[in-house]
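Right, one structure below, let's go through it.
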2 protein chains.
Amino acid sequence: MISFEDFVLGDGYPIYLQIIRHIKQGIAAGAIGHQEEVPSRRALSALLGVNPNTIQKAYHMLEDEGIIVSRSGAKSYTSVDEDTVQHIRRELQAGDTAVWVEAMKRLGLSRDQALGLAADLWEKGQEN
Amino acid sequence: MISFEDFVLGDGYPIYLQIIRHIKQGIAAGAIGHQEEVPSRRALSALLGVNPNTIQKAYHMLEDEGIIVSRSGAKSYTSVDEDTVQHIRRELQAGDTAVWVEAMKRLGLSRDQALGLAADLWEKGQEN
DNA sequence: CAAACCGTATCAGTTGTATAACACAGTTCT
DNA sequence: AGAACTGTGTTATACAACTGATACGGTTTG
């Protein structure tokens, strides 16, 4: 069963996109595997305090990407082969990093200044 | 006069927040100084192809932060002392970097893996 | 079988963002 | 003084995101 323990609702960003991202992150990090049970729409909506429709929207889009398989009436499961994992991993890693690099460049930082700042902030948080 | 040449409207992110960010980035990078003229609401709305009310909302919030000074009827100017510049610089640099570091940690990357990925992507773009 | 769950669908309502069309008063400049 | 700008404010409209409530039929389990 996929866990939503460390999941906290962000501010302005659409909830359904946050959920999609959370699951993709879990897959990329290896915390979520193949044929793993997904929380039901109702259960997750109750846990997060959001509307079931919002969860449905997120799951539906994940199903369009082939990451989730749903059968009417039954529980939903993940469906991630090795190619999918690699694809998601590249998508998230390279995407986020490119955005950050662009932001740092626009702020006028040099490569080493930016990397130094990141290295400093890495230690401030816990773990890794 | 503040330039909006290299400014392109993004996809889903609110336009008024993009405008606020663009001006703050210019100040943090040193491209925008003190007592610099800000494009009029009407002129900028025509240039970007958005509604004047959207520009007004962005300028109004910048005025609340003390970054812009507006006198009814006259042109608007920036108002940024050294403390403000430092504050904005920290806000943008540390904020973006903290978000990126958190994302990389959640993806299961080590510090060196993340920094290596960033260093690679830094070269791919132009300049700096 | 029957209860309890599940996915799926529809409807109306609220909020935030953006558009559109104005109006009014203060300023700058010729 | 008068024209052309400026900032400011109002109202109505549109759309996407999210909420709230409800319903239907399929699956699972005791």
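Lettering follows sequence order; numbering is per chain, from 1.
- Placement of L62(A) and F4(A) within a single hydrophobic cluster is found when ILVMFWY residues are connected by side-chain heavy-atom separations under 4.5 Å, directly or transitively.
- As rounded to whole Å, 16 Å separates atom P of dC6(C) from atom CD of E63(A).
- Checking R41(B) against S76(B) by side-chain atom types alone, a donor-acceptor pair falls below 3.5 Å.
- Between the E36(B) side chain and the Y77(B) main chain, no donor and acceptor come within less than 3.5 Å of each other.
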Between D81(B) and T84(B), does the side chain to side chain donor-acceptor pair (under 3.5 Å) criterion hold? Intermediate values first, please.
CA-CA 5 Å; D81(B) 53 31; T84(B) 307; 2.6 Å; yes
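- In this structure, OH of Y13(A) is placed 11 Å from P of dC18(D), rounded to the nearest angstrom.
- Shown are I2(A), I55(A), I67(A); of these, the side chain to side chain contact (heavy atoms under 4.5 Å, CB included) with V38(A) is made only by I2(A).
- In the interface, the side chain of N51(B) is not paired with the base of dA18(C) through any donor and acceptor atom under 3.5 Å apart.
- Close to dT6(D), at under 4.0 Å from its OP1 or OP2, lies no side-chain N or O of S70(B).
- At whole-Å resolution of the value, CD in Q56(B) and C1' in dG9(D) are 9 Å apart.
- Residues D96(A) and R106(B) are not paired through a salt bridge, judged by the lack of any N-O separation under 4.0 Å between the basic side chain and the carboxylate.
- Rounded to a whole Å, the CG atom of N53(B) is 9 Å from the C1' atom of dG9(D).
- Residue K57(B) contributes atom NZ, which lies 16 Å from atom P of dT8(D) at whole-angstrom precision.
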Nucleotide by nucleotide, nucleotides 25-30 of chain D touches protein heavy atoms under 4.0 Å in the pattern (B base, S sugar-phosphate only, - none) BBSS--
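- Heavy-atom nearest nucleotides on DNA chain C were determined for V38(A) and for Y16(B), and the one closer to the 5' end corresponds to V38(A).
- In this structure, M61(B) atom CE and dG16(C) atom P are separated by 12 Å, rounded to whole Å.
- Counting to the nearest Å, the P atom of dG7(D) and the CG atom of D64(B) are 16 Å from each other.
- Rounded to whole Å, the distance from CZ on R41(A) to P on dC18(D) is 17 Å.
- K105(B) forms no cation-pi arrangement with W100(B), by the criterion of a distance under 6.0 Å to the ring centre and an angle within 45° of the ring axis.
- The shortest distance between the side-chain N/O atoms of T54(B) and the OP1/OP2 oxygens of dT19(C) is below 4.0 Å.
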